[in-house]
There are 2 protein chains.
Amino acid sequence: MAKQLDKITPRDEDFSQWYTDTVINAKLVEYGPVKGTIIFRPYGYAIWENIQNYLDKKFKAIGVQNVYFPLLIPESLFNKEKEHIDGFSPEIATVTQIGDKKLPEKLFIRPTSEVLMADFFQKEVKSYRDLPLVYNQWCNVMRWEKTTRPFLRTSEFLWQEGHTVHNSPSEAKNLTLQILDIYTKFAQEILLLPVVAGRKTEKEKFAGAQETYTIESLMHDGQALQCGTSHFFGDNFSKVYDIKFQNKDGKLEHAYSTSWGVSTRLIGAIIMTHSDDSGLVLPSQISPIQVSIIQIKKTTEITKVTNKIVDSISDLRINVDNSDKTFGFKISDAEIKGVPIRIEIGPRDLENGQVTISRRDTREKNQIKINDVEKTVHEMLKEYDQNLYKIALENRMKRTSTASTIEEYQKQLELNTGFVLVPFCGRIECETEVKQKTSTNSRCIPFDIEQVEGKCFNCGQESKLRVYFGRAY
Amino acid sequence: MAKQLDKITPRDEDFSQWYTDTVINAKLVEYGPVKGTIIFRPYGYAIWENIQNYLDKKFKAIGVQNVYFPLLIPESLFNKEKEHIDGFSPEIATVTQIGDKKLPEKLFIRPTSEVLMADFFQKEVKSYRDLPLVYNQWCNVMRWEKTTRPFLRTSEFLWQEGHTVHNSPSEAKNLTLQILDIYTKFAQEILLLPVVAGRKTEKEKFAGAQETYTIESLMHDGQALQCGTSHFFGDNFSKVYDIKFQNKDGKLEHAYSTSWGVSTRLIGAIIMTHSDDSGLVLPSQISPIQVSIIQIKKTTEITKVTNKIVDSISDLRINVDNSDKTFGFKISDAEIKGVPIRIEIGPRDLENGQVTISRRDTREKNQIKINDVEKTVHEMLKEYDQNLYKIALENRMKRTSTASTIEEYQKQLELNTGFVLVPFCGRIECETEVKQKTSTNSRCIPFDIEQVEGKCFNCGQESKLRVYFGRAY
């Protein structure tokens, strides 16, 4: 649209409004006609495609196979797993008719595909030789949420859901952790999110899972965001869906399963971690545009130099903005879109064989020789990414604290919202009580913190866990 | 599954049963729990991924941008375009409740996203400077079909749907044809389908389109299959949805739009064109496995040679079958999966520094020197692809005929089902009559046939068109 970019509310004035202003003004999304749905515009969808490309390669490298299962689940099949339904049923979009004709059985739009996969595995698996089956699908799912926000919580969202079955619990457990490791590295190295990896408490683990592993990220405002989960079901699901195999001893045994997923919510995590009052700040490896080249005038010389530069960094995603929009518009468009590096080419610089280069994060501007562009750009992208991670990590550190009583915990949350490490008994009832008192819950039992004994911060009972609690999206 | 491969019904005995046997036994799909839905198994989905990868690159090269629009369409929005609804409404899956709670308005699962895109374009487009918008999405859509068959006609299917708006009719028309050209080359060069490209008649064009272009393929049994369509809407859709832009003269003008798509149906086309009584025969460029290496024994020497061969053709998709299944099982598994080239490595051949290589199409077997594998495999893949195309083209030629009266046409269909070229008046009523008489309809007005005057084969009125009619899936 030719209209001027709208103003973005300052981040520290109203974080929530800043977020909405940013996703709309950067043209990532538009609201859809049905409540709680979003339209992914090209720039928003391109980020998702970059996420998909990276993860899909990593999955395939460890033997994951992509599949596609149907959108609709018959009510009778869905109802087999009671625990599962209880978690989802109020949120489920239900097809009851085709045209004007009523269906004999209700069909649910998948909120996740566990039951469909389980039903398939039940028919497919006969012998230990058929295992493992290591499946994944990239698809849309639907959960009707009361309050929605672009990327973070939408009625329909895009994700990948992995579902696997194995002939031993250890193999299934290993796969669960192998996937969590892929998620962790992806979040840290590509999305530049200093996530905390760990295990969910009994209360927070996925319905039906024996163990849920998670990566938790801290947003700029100190609220946590769950970025990806990997579930080890043991044989829980197999018992409900009767997935059995003949083991090496010729005996029937229930299979061991896992599921794991990340969603378009990751885009929300990136924005709320790195972006600022001028718009998006995107990690270079998933930014749809890595370098934006802006011509100050249109001359033969400038075109020639532009082409030379484009050739020299053709391994990167480059946008040459030669529209007839104003120079000022082009600058703020590149800023709001979070393009890591901007190169401006104007007649005065060219006289000295130079161009102007600037970084989106520090907004530092420098003149550099045209011949140095290739080297400088590549170095700068590395430094840029390192700096994004550093800032996010500093925020997380600054906002991480400890508490040994519920009063201390509540005080910490007021003073400095973030991760609060507490000794915790692990009981569901105790965590329910914490939630009632504080409207917060546990984030994870972190891998990298020593699990020492103590007294639960809420009930005072003996505690063997050190757990991060906090406010979350 | 460890069970033996099931028998495939001979193709010329019962084409329809042969097709079903093939897709099930080759493990492309499994039936889903909801009528008319299919589960894409890894091998089936991998073919779709290869199709996506190729087309997505071609689309992006001409400036297409990927987006994602929501799954659900509110009834009120859908009802704006009367012509459109009439075509779809009996087939539409309708969400009426969330959990147990009735929705205030019915929501339709998209049978296509024209109306959602149009609604977006209406808000987005202001000036000729905003145009063109050239969008595409890869997604699932749903049309409740009475009779279904894997890939060819399923309640839910996967496709890409392109939707574009332009500030001039000529630009929109050019884009329509540019896309048809991508489809044609893809079908001919990658899927090895000798498609006929052309325009649809008034009766067969898409609801609301000014012109529909199509690629039509002829299956082994002589029935046609529509493989891809590209629609030029002129300003029809823009008028209904009020998509206007300020043109260069400052006046408001309705925009010009297009839409185009191909679906998982293409997989059906490939199978029904190339495959045979032993299972799939897949075009090499979309085959999930291009070379299958089968070890006759497991020895150090055989492993060493296998690794050497894998290294030398690492640009290809290779499967080394070192499972503990029998040699015979491995051979028929590679055959049924349509793997273009099979290499068998056994001790006797190795003594002479040789391996055995065979092609899936001709089933010719040869001993070749290990050092020649790289060269031979690459040459063989080319010849293999050429041969698949040649056989399919011969079938089409053999099954293409002409007729000048309805009686001749009916006789041709009985004798030799295929494309029948007839002089046709082009009137909707006349084509409706042909359909009533013969249960067939027009396939396309081919680009590469001279359009000469004559008398309509059905009504005898003056005809300016030469049109292919025939039986179709």
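The chains referred to below are lettered A, B, ... by the order of the sequence lines, with proteins before strands, and numbering in each begins at 1.
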Determine whether [X] and [Y] make a side-chain contact, defined as any pair of heavy atoms from C-beta on separated by less than 4.5 Å.
{"X": "B/Gln137", "Y": "B/Ser113", "value": "yes"}
{"X": "A/Glu91", "Y": "A/Met142", "value": "no"}
{"X": "A/Phe69", "Y": "A/His163", "value": "no"}
{"X": "A/Trp159", "Y": "A/Thr112", "value": "yes"}
{"X": "A/Leu175", "Y": "A/Ile62", "value": "yes"}
{"X": "B/Val29", "Y": "B/Pro150", "value": "yes"}

Please round to the nearest 0.5 Å and tell me the distance separating atom [atom1] of [X] and atom [atom2] of [Y].
{"X": "A/Gln122", "Y": "A/Phe237", "atom1": "CD", "atom2": "CZ", "answer": "13.5 Å"}
{"X": "B/Phe121", "Y": "B/Tyr241", "atom1": "CZ", "atom2": "OH", "answer": "12.5 Å"}
{"X": "B/Glu161", "Y": "B/Glu114", "atom1": "CD", "atom2": "CD", "answer": "7.0 Å"}

Under a 4.5 Å heavy-atom cut-off, does chain B meet the side chain of [X], its backbone, both or neither?
{"X": "A/Leu72", "result": "both"}
{"X": "A/Asn136", "result": "neither"}
{"X": "A/Leu133", "result": "neither"}
{"X": "A/Gln97", "result": "both"}
{"X": "A/Lys60", "result": "side chain"}
{"X": "A/Phe120", "result": "side chain"}
{"X": "A/Leu77", "result": "side chain"}
{"X": "A/Leu131", "result": "neither"}

- Message: Keeping A/Arg110 on the side-chain end and A/Asn140 on the backbone end, is there a donor-acceptor pair under 3.5 Å?
- Response: yes
- Just by modelled atom types, is the A/Gln290 backbone N or O under 3.5 Å from a matching donor or acceptor in the A/Ser287 side chain? no
Could you check which of [options] has the highest count of heavy-atom pairs closer than 4.5 Å to chain A?
{"options": "B/Trp138, B/Tyr68, B/Phe108, B/Tyr45", "result": "B/Tyr68"}
{"options": "B/Val67, B/Leu116, B/Ile38, B/Val34", "result": "B/Val67"}
{"options": "B/Asn66, B/Leu103, B/Leu107, B/Ile109", "result": "B/Asn66"}
{"options": "B/Gly32, B/Pro33, B/Gly99, B/Pro42", "result": "B/Pro42"}

Under a 4.5 Å heavy-atom cut-off, does chain A meet the side chain of [X], its backbone, both or neither?
{"X": "B/Glu105", "result": "neither"}
{"X": "B/Tyr135", "result": "side chain"}
{"X": "B/Lys101", "result": "neither"}
{"X": "B/Tyr43", "result": "neither"}
{"X": "B/Asp56", "result": "side chain"}

- Query: Only one of B/Phe157, B/Phe151, B/Trp48 clears ring-ring contact (aromatic ring centres under 6.0 Å, His included) with B/Phe40; which?
  - Reply: B/Phe151
- Message: Only pairs of heavy atoms separated by less than 4.5 Å count here; which of A/Asp100, A/Leu71, A/Thr154, A/Thr37 has the most with chain B?
- Response: A/Leu71
- Message: Quick check on the interface: out of A/Ile73, A/Thr96, A/Asp324, A/Asp119, who has the most heavy-atom pairs with chain B under 4.5 Å?
- Response: A/Thr96
